[in-house]
2 protein chains.
Amino acid sequence: MQSDVTDALTSAFFEEWARVGFAALSLERVAKNAGAGKAALYRRWSSKVAMASDLLSKVGLTLFELPDTGSLEADLLAFLLSLRRVLRHRIIQRVTLDLLAEIAREPALERAIRPFQEARRKRVKTVIDRAIARGELPMTIDRETAADFMVSALYWRLVVTGGRSDRRHLKTLARMTAAAISAASR
Amino acid sequence: MQSDVTDALTSAFFEEWARVGFAALSLERVAKNAGAGKAALYRRWSSKVAMASDLLSKVGLTLFELPDTGSLEADLLAFLLSLRRVLRHRIIQRVTLDLLAEIAREPALERAIRPFQEARRKRVKTVIDRAIARGELPMTIDRETAADFMVSALYWRLVVTGGRSDRRHLKTLARMTAAAISAASR
DNA sequence: TTTCGTCGGAACGGTTGCGTTCCACCGCGA
DNA sequence: TCGCGGTGGAACGCAACCGTTCCGACGAAA
């Protein structure tokens, strides 16, 4: 099969997803907007959910490694910069919002994004473990809740409220998150 | 018009919304599940968006006043308890997720929930202002980002990840959030 | 040059929900 | 007792999209 057709269908799919939402997404329009026929689409994927699952699991969000900066706060800033790079994209914002709502009804989608969740979890865990190894954090820390803080504030600002995040905001965020995590021990 | 029919249609609407999502929501099914005819529904509302807007703006989320407890952390705990009461409901979780995605496409919905956003913002602002008045926080604090922290972690845990939040978690959250906010000044 | 697979495009029957209209029924106030 | 308005329910024509099938065109490999 011709890969340029596959690519056109792929990007049309996400454009359309961001525009009208997953439930209202029509494969007929996707094919049309890609300048392709429906046959070409159905030859590759059997249904909307199958197409979404396949594409989601293939999207190569190349995450750079986060080098050890020597302090929790600087590590957090690097992590937040990396997270912001992803969450700033308009299409990713829309698709993420839609995806979260859809996952509750379509378990196949959750399976498809599991690799991403695990990659994120691993990066989060790395930052915390480094801080513990440095002695900045006690081993008794509530890692789960600390992990929540590392993501939630930026997600809230960029995706939920649709707000902005400049470098100063990110620095404040890193400082506040470090303070919060330091208070997570019992 | 008979109010019991209106009530039946209202609760069927939200049930259906939580079950299939806003885009896939069919007014035909809503009427059927309410044990009503389509005519009764269309006599009250002219469309799906109109119905959602009207119902959302009428839902009486009676928020209790938050008494001054004497400290930022205790105020935060009271706020989080109040927020958890709302975010724990299954239907509210689903509808909220769906609503956030839909707002990007349907401005009328944003207008409908604006009163809630403002009520929440006011409560958040009150807690911070009290802490400033007490001298717990400097006046130079980044209120916007502090407000983000008050909501985002619990929202992330309960709504996004579908996790739980017991009393101990809430106490940890209050402690961490207080620490974060205290670090929000520049 | 022939062959073979994919291409874009059009059409198929079937399903679903839209918004509207009509119907017989029922309960309440005059 | 009558009349009227709201009721549940069925049906209407219309539009969109589903998943499938068929077509002639095109291009690369043999």
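Predicted model only: the values in this text are computed from it and were never measured. Hydrogens, waters and symmetry mates are skipped; everything else that's a heavy atom, side chains included, is used. All chains are named by letter (A, B, ...) in the order of the sequence lines, taking the proteins before the strands, and each is independently numbered beginning at 1.
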| message | Given the structure, check if the side chain of Lys38(A) and the base of dG9(C) hold any donor-acceptor pair shorter than 3.5 Å. | response |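 There is none.
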
Between [N] atom [atom2] and [X] atom [atom1], what is the distance in whole Å?
X	N	atom1	atom2	value
Leu41(B)	dG6(D)	CG	P	15 Å
Gln2(A)	dA25(D)	CD	P	17 Å
Arg29(B)	dT15(C)	CZ	P	16 Å
Met1(A)	dC4(C)	CE	P	18 Å
Tyr42(A)	dG8(C)	OH	P	15 Å
Leu27(B)	dC18(C)	CG	P	5 Å
Arg43(B)	dT7(D)	CZ	C1'	7 Å
Lys48(A)	dG19(D)	NZ	P	9 Å

| request: Just call it for Ala39(A): base, sugar-phosphate, or nothing, with non-hydrogen atoms closer than 4.0 Å on any strand. | output: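 Since a base atom lies under 4.0 Å of Ala39(A), the category is base.
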
| request: Tell me which of Ala36(B) and Leu25(A) sits closer to the 5' end of DNA chain D, going by the nucleotide each one is nearest to. | output: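 Of the two residues, Ala36(B) wins.
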
| task | Choose from dG19(C), dG8(D), dC7(C) the nucleotide whose nearest atom is closest to any side-chain atom of Ser47(B). | result |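 Comparing dG19(C), dG8(D), dC7(C) against the side chain of Ser47(B), the answer is dG19(C).
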
| request: Could you tell me whether Glu102(A) and Arg105(A) make a salt bridge, using a distance below 4.0 angstrom between a side-chain N and a carboxylate O? | output: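 Here Glu102(A) pairs with Arg105(A) in a salt bridge, since their nearest N and O are under 4.0 Å apart.
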
| query | For DNA chain C, whose closest nucleotide is more 5', that of Arg44(A) or that of Glu28(A)? | reply |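 Nearest nucleotide further toward 5': that of Arg44(A).
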
| message | Please determine whether a side-chain nitrogen or oxygen atom of Ser26(A) lies at a distance below 4.0 Å from atom OP1 or OP2 of dC18(D). | response |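 Indeed, a polar side-chain atom of Ser26(A) lies that close.
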
| Between the side chains of Arg114(A) and Ser57(A), is a donor N or O closer than 3.5 angstrom to an acceptor N or O? |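 No, because no side-chain N or O of Arg114(A) sits under 3.5 Å from a partner of the opposite role on Ser57(A).
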
| request: Determine whether Leu9(A) and Met1(A) fall in the same hydrophobic cluster, where Ile, Leu, Val, Met, Phe, Trp and Tyr are linked whenever their side-chain heavy atoms lie under 4.5 Å apart. | output: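 No; tracing contacts between hydrophobic side chains, which count when under 4.5 Å, never links both residues.
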
| request: Walk me through it: do Arg134(A) and Asp129(A) pass the test salt bridge (charged side-chain N to carboxylate O under 4.0 Å, His left out)? | output: CA-CA 9 Å; Arg134(A) 272 186 220 109; Asp129(A) 285 347; over 6 Å; no

| Whether Asn33(A) side chain and Ala12(A) backbone form a donor-acceptor pair below 3.5 Å |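 No, the answer is negative, given that no donor and acceptor are paired below the 3.5 Å cut-off.
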
